[in-house]
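Okay, so here's the structure we're looking at.
The figures that follow rest on heavy atoms only: side chains count, while hydrogens, waters and symmetry mates do not.
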Amino acid sequence: MKKLIIIPAYNECDNLPHTIRDVREHAPDYDYVVIDDCSTDETLSLCKEQGFSVIHLPVNLGIGGAVQTGFLYAREQGYDIAVQIDGDGQHNARYLKEMERKMEECDADMVIGSRFIKKEGFQSSVARQMGIRYFTWLIRMLTGVRITDPTSGMRMVNRELIQMFAADYPKDYPEPECAVRALKRWKRVVELPVIMNARQMGVSSISPVNSVYYMVKVTLAVILAWF
């Protein structure tokens, strides 16, 4: 099977060397591609200097557009599995084999790496955990399926969802919405316990200032996606 790791990156030049090293060490049978979302730092030049596989976006599309670019690439290149991991070093490539086995055993269309099943490793701030629990409740109310880590960016999908997400993918804060879109189409979504790391360098795109906007926008997007 052809397997691809999609690594969206915006101003991640300090974190990418660790991320790529982790991928090469723990998932050598996966191809990978960095989606440089028109970074303003040295992300692109670093990728070129280090020989990283990279697609450079000439304008900033945001996380949704960057990830969709990865799915478009996966579709055009005929990949059977695509998995997203963030460029900031939070996700560990050593879990990809387990996610792949979980997908096969459960006949799943999407496998989400969850930090909240065993509650080990980096757990995020208390405020964010409250927001995550809210989205867990909202998705369960709409779909009947409990997803413990609906905002996790570590998710593996099969060829059918590659096709779906290449054609249409949520633009802003897409993780909860794309899970609901999959469930709406009767796709099987399961979780696997993983350990995540705190961001190595830089800052998250979701600041306390825009967290209210995030909650309102994603709530509306999730409800619209279902109905």
Side-chain angles (χ1 to χ4, degrees), residues 1-57 61 63 65-105 108 110-115 118 120-122 149 152-159 161-162 165-166 175 191-205:
M1 297 208 320
K2 292 185 66 177
K3 300 174 286 189
L4 177 70
I5 300 171
I6 300 168
I7 308 173
Y10 177 71
N11 292 350
E12 296 289 4
C13 67
D14 292 327
N15 295 316
L16 274 175
H18 166 79
T19 301
I20 301 301
R21 186 164 56 248
D22 182 47
V23 165
R24 288 173 171 172
E25 180 178 351
H26 293 106
D29 55 334
Y30 281 73
D31 297 332
Y32 74 87
V33 61
V34 176
I35 311 297
D36 172 38
D37 193 20
C38 196
S39 297
T40 58
D41 67 355
E42 302 302 316
T43 294
L44 180 60
S45 59
L46 170 77
C47 290
K48 290 181 176 179
E49 290 170 4
Q50 297 296 320
F52 298 161
S53 175
V54 61
I55 295 174
H56 172 66
L57 300 179
L61 297 181
I63 181 63
V67 174
Q68 185 178 11
T69 300
F71 284 124
L72 284 164
Y73 177 82
R75 183 186 70 183
E76 296 306 313
Q77 298 298 318
Y79 283 94
D80 302 293
I81 287 176
V83 56
Q84 175 192 342
I85 66 172
D86 292 343
D88 58 11
Q90 290 193 56
H91 302 146
N92 296 303
R94 69 177 183 269
Y95 290 107
L96 297 191
K97 283 294 185 186
E98 293 181 47
M99 294 176 76
E100 195 177 330
R101 283 196 294 269
K102 184 81 170 180
M103 176 175 281
E104 184 177 358
E105 290 169 1
M110 176 186 292
V111 180
I112 299 173
S114 172
R115 74 202 102 169
K118 292 186 176 180
E120 298 176 340
F122 177 66
D149 201 350
S152 169
M154 188 178 190
R155 47 189 62 206
M156 178 179 289
V157 302
N158 62 10
R159 182 187 284 269
L161 285 188
I162 289 173
F165 291 148
E175 290 83 6
E191 291 185 289
L192 179 83
V194 299
I195 295 176
M196 295 188 188
N197 312 310
R199 166 180 274 274
Q200 302 296 306
M201 302 286 288
V203 295
S204 170
S205 61

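Contacts of Lys3 classified as salt bridge (Lys or Arg N to Asp or Glu O under 4.0 Å), with partners at least two apart in sequence or in another chain: Asp29, Glu100.
Nearest heavy atom pair, residue Cys47 against residue Val34, reads SG-CG1, 4.1 Å. Between Ala93 and Asp22, the shortest heavy-atom distance links the atoms N-OD2, 2.8 Å. Gly89 approaches Asn197 most closely through the heavy-atom pair O-ND2, 3.0 Å. Ala66 approaches Leu61 most closely through the heavy-atom pair N-CB, 4.3 Å. The heavy-atom pair separating Pro28 from Glu25 by the smallest distance is CD-O, 4.0 Å. Looking at every heavy atom in both residues, Met1 comes nearest to Ile81 through CE-CD1, 3.1 Å.
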Next on the checklist: Go through it in stages, so that I can follow the logic: the residues are Asn92 and Val194, the test is side-chain contact (heavy atoms from CB on, under 4.5 Å), and I'd like the CA-CA distance, side-chain angles, deciding distance and then a yes or no.
Outcome noted: CA-CA 8 Å; Asn92 296 303; Val194 299; over 6 Å; no

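The OG1 atom of Thr19 sits 10.0 Å away from atom NE2 of His91, with the distance rounded to the nearest 0.5 Å. To the nearest 0.5 Å, atoms CE (Met103) and CD (Glu98) are separated by 14.0 Å. Remark: Leu4 CG to Tyr32 OH distance equals 11.0 Å, nearest 0.5 Å. One distance of note links SG of Cys13 with CG of Leu44; it measures 11.0 Å at 0.5 Å rounding. For the atom pair CG (Asn11) and OG1 (Thr40), the distance works out to 3.5 Å, reported to the nearest 0.5 Å. In this structure, the separation between CE on Met196 and OG on Ser114 is 7.0 Å, given to the nearest 0.5 Å.
Residues Met154 and Met99 are in side-chain contact: their nearest non-hydrogen atoms beyond the backbone lie under 4.5 Å apart. Between Ile195 and Tyr95, the closest side-chain pair of non-hydrogen atoms falls below 4.5 Å. In this structure, the side chains of Asp37 and Pro8 stay at 4.5 Å or more apart for every pair of heavy atoms. Between Val111 and Glu104, every side-chain heavy-atom pair lies at or beyond the 4.5 Å cut-off.
Under the 3.5 Å distance criterion, the side-chain polar atoms of Glu191 are matched with a main-chain donor or acceptor of Asp149. With Asn158 contributing its side chain and Leu161 its backbone, the two residues share a donor-acceptor pair below 3.5 Å. Checked by atom type and distance alone, the side chain of Ser152 never pairs as donor or acceptor with a backbone atom of Ile112 at under 3.5 Å. Listed for the Asp88 side chain is a donor-acceptor partner under 3.5 Å among the backbone atoms of Gln90. Here the side chain of Ser39 pairs no donor or acceptor atom with the backbone of Asp36 at under 3.5 angstrom.
Heavy atoms from other residues, nucleotides or ligands lying under 6.0 Å from NZ of Lys48 number 12 at most.
Among the candidates Val54, Ile7, Ile5, Ile55, the single residue satisfying the side chain to side chain contact (heavy atoms under 4.5 Å, CB included) test with Val33 is Ile55. Screening Ile35, Val67, Val157 for a side chain to side chain contact (heavy atoms under 4.5 Å, CB included) involving Gln84 leaves a single residue, Val67.
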Name every donor-acceptor pair, under 3.5 Å, that has one atom in a side chain of residues 69-78 and the other anywhere in the protein, sequence neighbours excluded.
{"residue": "Thr69", "atom": "OG1", "partner": "Gly65", "partner atom": "O", "Å": "2.8"}

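Under a 4.0 Å N-O distance rule, the pair Asp80/Arg159 qualifies as a salt bridge.
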